[in-house]
**Q** 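Okay, handing you the structure first.
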Amino acid sequence: MPIRVYSTLTRQKEEFQTVEPGKVSMYLCGPTVYKPAHIGHMVGPVIFDTIKRYLAYSGYQVTWVVNITDVDDKLIVKANELGTTVEALARKMTEDYLDNLRTLGVDGIDHMPYATQYIQEMQEIIAGLIEKGYAYPLNGDVYFECTKDADYGKLSGRNLTEMLAGTRAETRDGKHNPADFALWKGSKPGEPAWDSPWGPGRPGWHIECSAMARKLLGDTIDIHGGGLDLMFPHHENELAQSESCTGKPFARYWLHNGLLRKSGAGGKIGGDHSRHGDSADMLAEKQAQEEQKLAGSKGAESVKTAVFAKFDPETVRFFLMATHYRSPVDFGDDRLAETEKSIDGFYRLIESFGRATGKDFYSLPVPATRTESDAAFVGWDSVPTSAQVGTVSQPTVWPDYKAELAALRIRFLDAMDDDFNTGAATAALFDLRKTLNSFITDQKLEGEGRSNAAAQAALLRGVMLFKELANILGVFRKPLEKKSAGRADDEFVNSLMQLLISLRAEARKAKQFEIADKVRKGLTELKVTLEDRPEGTIWRRET
RNA sequence: GGGGCCGUAGCCAAGUGGCUAAGGCAAUGGAUUGCAAAUCCAUCACGCGUGGGUUCAACUCCCACCGGCCCCUCCA
């Protein structure tokens with residue numbers, strides 16, 4: 001099954017074909033680093049990290065670029081306010097951003113270019129656009145002339161003449177028409193500035209992406225991504241600049257992720273809420289919100305304090321994977337808490353697997369590509385591969401179990417092939433969990449079945465498949481910190497627990513259930529759960 | 001006003017022009033357990049916002065309406 005992706009440009013799913021066979025170039029618009037990252041900033045990177053993982057798994061060599069905007073009006077304002085330099089502020093906020101990405105397991109970014117390091121390349125594009133008649137200098141600024149670009153508006157579905165008809169042509173600033181946007185902005189005294197043929201200044205918002213994408217990935221990139229809010233004007237303008245400059249398609253596929261909304265609060269995270277057609281009231285309100293935002297008391301909290309302080313990053317990532325990337329998503333503590341509950345069983349499975357085989361799930365190897373994975377399946381007692389499902393005769397030992405594994409694997413991969421449908425893919429993961437649990441139970445792998453080496457091997461293979469698929473989504477890569485069976489940060493606590501458990505075991509042996517239950521109830525109040533298993537009692541802390 | 005999206009069980013959420021409308025949370029019954037926990041099995045939308053239309057057939061396509069959301073403003 002070929003990979004299909006939904007492109008904003010055509011508003012439909014298309015078969016994925018890259019410029020260069022076997023290679024994928026991917027560009028994601030990164031943050032303007034003027035304040036600590038909030039959870040909304042993490043969505044794009046997590047999604048595109050997963051996309052990269054899947055493309056790499058599918059055999060592509062992927063190059064992924066995420067830019068850092070380190071020069072911008074907001075940055076200048078904020079730096080002034082804090083009495084620091086734009087450079088220092090940008091560096092600090094970039095570190096915060098990267099730190100959060102690491103926490104969420106986003107590790108596939110190949111290049112993180114800073115806008116200020118590509119001034120030269122931006123100026124080359126601007127000069128080229130002026131030369132070709134797509135742009136004009138004006139009082140130290142340079143503007144892109146939208147009307148010169150025949151298909152301007154094609155990405156966001158806008159019609160330029162209608163747009164212009166809708167606005168009163170207030171070209172008070174001398175722009176040829178209101179839709180024209182700045183490629184280069186002349187600087188005022190005290191602002192960061194670079195020399196240019198049009199006088200000292202700094203780049204406009206959109207030009208950096210055109211320049212960096214071109215420099216690092218070429219004239220035509222395969223995938224261009226970003227939040228839905230960037231579709232217009234940012235991506236529309238990027239596209240217009242780049243294609244006018246090179247005469248080639250800028251990106252083959254435009255992928256836009258849905259925005260996060262604050263659960264129950266209405267409105268997206270980190271946004272303003274003013275409407276169009278501002279009345280005086282609304283302007284006042286808008287201004288008030290701006291002030292609150294600057295004071296740091298309004299808008300989204302940083303991801304660290306708002307999210308990671310309460311929830312494990314693994315939970316956050318799974319939550320993001322459980323819905324479709326193009327849909328808007330309500331985000332809040334209640335939702336995360338539910339995700340926590342729903343993935344609990346996976347950690348039980350992982351622990352159960354450890355008891356059954358004595359192996360550590362987290363250090364199991366995973367195949368790097370689908371081809372390798374196919375080979376692994378062929379090598380293991382003839383579980384059918386994707387091409388063989390339904391046609392190959394099943395082995396005599398646990399045919400149902402093995403057939404289920406193979407079918408679930410295909411279900412997962414088919415879902416990913418279909419525009420990276422991680423929501424449907426996670427459903428396959430849940431079913432896989434059930435299959436594995438059943439196998440452990442049926443084969444009594446935590447009890448007498450432990451001596452059954454063949455069954456153990458079969459379980460191992462199934463769990464490896466689980467790990468392989470989870471790894472594509474970037475989930476279950478490490479244990480939940482607050483909630484692991486039979487472990488505590490403190491050796492002292494461990495010893496106490498063992499003491500309690502052995503005392504209780506004696507009571508149970510003597511049928512003194514009142515005492516035994518008293519111990520368990522007391523522990524429950526301390527958020528500790530005991531599980532009496534045939535092989536012994538285990539304990540777990542609840543969050 | 002212009003551009004676009006969404007409305008699937010108590011909640012979250014995939015999906016499809018025609019087979020039993022994924023999965024999770026919650027709930028109920030059962031197996032198991034000294035009792036629990038965990039796990040497994042079963043049940044849980046005759047219907048996919050409302051009303052029309054197209055079609056042999058629509059929840060899936062079209063239209064209208066209701067409700068919610070996003071963008072049009074250097075927000076990921």
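Naming convention: chains lettered A, B, ... in sequence-line order (proteins, then strands); numbering from 1 in each chain. Treat the numbers as computed from the prediction; the structure is a model and nothing was measured.
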**Q** Between S327(A) and A14(B), does any side-chain N or O lie under 4.0 Å from OP1 or OP2?
**A**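 True: S327(A) side-chain N/O within range (under 4.0 Å) of A14(B) OP1/OP2.
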
**Q** Could you tell me the separation between the CG atom of D442(A) and the P atom of A38(B), rounded to a whole number of Å?
**A**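 Interatomic distance, CG of D442(A) to P of A38(B): 20 Å.
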
**Q** Need one value for N421(A): base, sugar-phosphate or nothing, where a base atom within 4.0 Å counts as base even if backbone is also close, heavy atoms only.
**A**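 Sugar-phosphate, backbone atoms only, no base.
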
**Q** Among R4(A), R326(A), K13(A), which residue satisfies the side-chain hydrogen bond (donor to acceptor under 3.5 Å, both in side chains) criterion with D419(A)?
**A**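 Among R4(A), R326(A), K13(A), the one that satisfies the side-chain hydrogen bond (donor to acceptor under 3.5 Å, both in side chains) with D419(A) is R326(A).
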
**Q** With rounding to whole Å, what would you report as the distance between G49(B) and C6(B) at their P atoms?
**A**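 About 12 Å, rounded to a whole number of Å.
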
**Q** Taking the P atom of each, how far is C11(B) from A45(B), in whole Å?
**A**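 Rounded to whole Å, the distance is 14 Å.
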
**Q** Counting only side-chain heavy atoms from C-beta out, which of A14(B), A76(B), C25(B) sits nearest to S342(A)?
**A**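 When the side chain of S342(A) is considered, C25(B) is the closest of A14(B), A76(B), C25(B).
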
**Q** T32(A) side chain: which of C41(B), A76(B), C71(B) is closest?
**A**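 In terms of side-chain proximity for T32(A), the closest of C41(B), A76(B), C71(B) is A76(B).
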
**Q** Considering only NZ, NE, NH1 and NH2 on the basic side and carboxylate oxygens on the acidic side, decide whether K35(A) and D96(A) come within less than 4.0 Å.
**A**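 No, no charged N to carboxylate O under 4.0 Å.
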
**Q** Have a look at G44(A) and say if it touches a base, only the backbone sugar-phosphate, or nothing, with a 4.0 Å heavy-atom cut-off.
**A**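 Contact class for G44(A): none.
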
**Q** Rounding to an integer number of Å, can you tell me how far D414(A) CG sits from G15(B) P?
**A**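 Rounded to whole Å, this separation is 14 Å.
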
**Q** Measure from the side-chain heavy atoms of E531(A) and tell me the nearest of A37(B), C71(B), G24(B).
**A**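 Nearest nucleotide to the side chain: A37(B).
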
**Q** Separation of E446(A) atom CD from A37(B) atom P, in whole Å?
**A**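 For the pair E446(A) CD and A37(B) P, the rounded distance is 17 Å.
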
**Q** Before you tell me yes or no, could you show the steps for H256(A) and H235(A) under ring pair (Phe, Tyr, Trp, His ring centres under 6.0 Å), namely the whole-Å CA-CA distance, both residues' side-chain angles and the distance that decides it to 0.1 Å?
**A** CA-CA 10 Å; H256(A) 287 104; H235(A) 289 163; 4.9 Å; yes

**Q** Measure from CD1 on I515(A) to C1' on C35(B) and round the result to the nearest Å.
**A**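 About 15 Å, once rounded to whole Å.
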
**Q** Which nucleotide in the set G24(B), A22(B), C35(B) lies at the smallest distance from any side-chain heavy atom of R433(A)?
**A**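 The answer is G24(B).
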
**Q** Could you tell me how far A36(B) sits from A42(B) if I compare only their P atoms? Round to whole Å.
**A**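 Rounded to whole Å, the distance is 22 Å.
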
**Q** Between the side-chain atoms of R520(A) and the base atoms of C35(B), is any donor-acceptor pair under 3.5 Å?
**A**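 It does, because a donor-acceptor pair links the side chain of R520(A) to the base of C35(B) below 3.5 Å.
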
**Q** Just call it for P31(A): base, sugar-phosphate, or nothing, with non-hydrogen atoms closer than 4.0 Å on any strand.
**A**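 Here P31(A) touches the backbone only, sparing every base.
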
**Q** Going by ring centres under 5.5 Å and near-parallel planes (under 30°), is F513(A) stacked on G34(B)?
**A**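 Yes, F513(A) stacks on the base of G34(B).
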
**Q** Atom CD of Q12(A) and atom C1' of C5(B): how far apart are they, to the nearest Å?
**A**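 So the two atoms are 17 Å apart, to the nearest Å.
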
**Q** Classify the ring geometry between H234(A) and H206(A) as parallel (under 30°), tilted (30 to 60°) or perpendicular (over 60°).
**A**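 Tilted, since the angle between the ring planes falls between 30° and 60°.
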
**Q** Between R540(A) and E531(A), does any side-chain N to carboxylate O distance fall below 4.0 Å?
**A**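 Salt bridge flag = yes for E531(A) with R540(A).
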
**Q** Taking pairing as Watson-Crick or G-U wobble with both contacts under 3.5 Å, can you name the mate of A42(B), or confirm there isn't one?
**A**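 WC or wobble partner is U28(B).
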
**Q** Is it true that D344(A) and K341(A) have a side-chain N and a carboxylate O under 4.0 angstrom from each other?
**A**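 No salt bridge links D344(A) with K341(A).
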
**Q** Counting the atoms with a prime plus P, OP1 and OP2 as sugar-phosphate, which does R411(A) contact under 4.0 Å by heavy atoms, base, sugar-phosphate, or nothing?
**A**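 R411(A): backbone/sugar contact only, no base atoms under 4.0 Å.
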
**Q** Please determine whether a side-chain nitrogen of the Lys or Arg among R261(A) and D330(A) lies less than 4.0 Å from a carboxylate oxygen of the Asp or Glu.
**A**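 Yes.
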
**Q** Could you tell me whether H324(A) contacts a base, only the sugar-phosphate backbone, or nothing, with contacts defined as non-hydrogen atoms closer than 4.0 Å?
**A**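 Counting heavy atoms under 4.0 Å across all strands, the contact made by H324(A) is with sugar-phosphate only.
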
**Q** Check D414(A) with R411(A), please: is the shortest side-chain N to carboxylate O separation under 4.0 Å?
**A**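 No salt bridge links R411(A) with D414(A).
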
**Q** Which of these nucleotides, A76(B), A22(B), C72(B), is closest to any side-chain atom of D229(A)?
**A**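 Closest of the options to the side chain of D229(A): A76(B).
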
**Q** Mind checking who G7(B) pairs with, Watson-Crick or G-U wobble, both distances under 3.5 Å?
**A**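 C66(B) is the nucleotide pairing with G7(B).
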
**Q** Between G24(B), A76(B), U39(B), which nucleotide has the shortest distance from any of its atoms to the side chain of V43(A)?
**A**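 Looking only at heavy atoms from C-beta outward on V43(A), the closest nucleotide is A76(B).
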
**Q** If I pick the C1' atom on A9(B) and the same atom on C70(B), what distance separates them, to the nearest angstrom?
**A**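 Those two atoms are separated by 27 Å.
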
**Q** With a 3.5 Å limit on both atom pairs, tell me what C61(B) is paired to, counting Watson-Crick and G-U wobble, or say none.
**A**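 G53(B) - that is the nucleotide pairing with C61(B), both distances being under 3.5 Å.
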
**Q** Just to be sure I understand the rule, does L230(A) reach a base, reach only the sugar-phosphate, or reach nothing, if contact means heavy atoms closer than 4.0 Å?
**A**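 The residue L230(A) makes sugar-phosphate contact but no base contact.
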
**Q** Nearest whole angstrom, please: distance from the P of A13(B) to the CZ of F319(A).
**A**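 F319(A) atom CZ is separated from A13(B) atom P by 8 Å.
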
**Q** T69(A) near the nucleic acid: base, sugar-phosphate alone, or nothing, with a heavy-atom cut-off under 4.0 Å?
**A**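 The answer is nothing, as T69(A) stays clear of every strand by at least 4.0 Å.
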
**Q** Measure from NE2 on H38(A) to P on A76(B) and round the result to the nearest Å.
**A**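 Interatomic distance, NE2 of H38(A) to P of A76(B): 7 Å.
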
**Q** Parallel, tilted or perpendicular for F353(A) and F361(A), by the 30°/60° rule?
**A**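 Ring orientation, 0 to 90° scale: perpendicular.
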
**Q** From C41(B), G34(B), G2(B), pick the nucleotide closest to the side chain of A516(A)?
**A**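 The closest nucleotide is G34(B).
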
**Q** Quantified in whole Å, what is the C1' atom distance between nucleotide C25(B) and nucleotide A14(B)?
**A**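 Nearest-Å result for C25(B) against A14(B) at atom C1': 15 Å.
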
**Q** With respect to the phosphate group of C35(B), does any side-chain polar atom (N or O) of K511(A) fall under 4.0 Å of OP1 or OP2?
**A**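 Answer no for this pair, as no side-chain N or O of K511(A) is under 4.0 Å from OP1 or OP2.
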
**Q** Looking at A38(B), C71(B), C69(B), which one has an atom nearest to any side-chain atom of R261(A)?
**A**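 Closest nucleotide to the R261(A) side chain: C69(B).
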
**Q** From C-beta outward on T441(A), which listed nucleotide comes closest to its side chain: C71(B), U39(B), G23(B)?
**A**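 The answer is U39(B).
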
**Q** Pick the P atom in G30(B) and in C48(B), then give their distance to the nearest Å.
**A**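 Their P atoms lie roughly 33 Å apart.
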
**Q** Would you kindly give the CD-to-P distance between E338(A) and A26(B), to the nearest whole Å?
**A**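 One finds 8 Å between P of A26(B) and CD of E338(A), rounded.
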
**Q** In a check of side chain to side chain contact (heavy atoms under 4.5 Å, CB included) between V106(A) and each of K52(A), R317(A), M42(A), which one passes?
**A**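 Output: one option passes, namely R317(A).
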
**Q** Could you identify the nucleotide paired to G1(B), looking across every strand shown and requiring Watson-Crick or G-U wobble geometry with both distances under 3.5 Å?
**A**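 Base partner found: C72(B).
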
**Q** Can you find a donor-acceptor N/O pair under 3.5 angstrom joining the side chain of D517(A) to the base of G34(B)?
**A**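 Between G34(B) and D517(A), which were checked side chain against base, a qualifying N/O pair under 3.5 Å is present.
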
**Q** Please tell me which of the listed nucleotides, A76(B), A37(B), C72(B), lies nearest to the side chain of F232(A)?
**A**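 In terms of side-chain proximity for F232(A), the closest of A76(B), A37(B), C72(B) is C72(B).
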
**Q** With RNA chain B as reference, determine whether S156(A) or T426(A) sits nearer its 5' end, using the nearest nucleotide of each.
**A**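 It is S156(A), whose closest nucleotide lies nearer the 5' terminus.
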
**Q** Considering only atom C1', compute the distance from A26(B) to C69(B) and round it to an integer number of Å.
**A**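 To the nearest whole Å, 27 Å.
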
**Q** Using the C1' atom as the point on both nucleotides, what is the distance between G10(B) and C63(B), in whole Å?
**A**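 Nearest-Å result for C63(B) against G10(B) at atom C1': 33 Å.
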
**Q** Indicate, yes or no, whether a donor-acceptor pair under 3.5 Å links the base of G4(B) to the side chain of R11(A).
**A**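 Flag unset: no donor-acceptor pair detected.
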
**Q** Hunt down the Watson-Crick or G-U wobble partner of C35(B), both distances under 3.5 Å, from any strand shown, or write none.
**A**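 Partner of C35(B): none.
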
**Q** Kindly say whether, by distance alone, the side chain of D334(A) makes a donor-acceptor pair under 3.5 Å with the base of C11(B)?
**A**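 No, no donor-acceptor pair under 3.5 Å.
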
**Q** Assuming nearest nucleotide by heavy-atom distance, tell me which of G226(A) and R326(A) is located more 5' along RNA chain B.
**A**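 So the residue in question is R326(A).
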
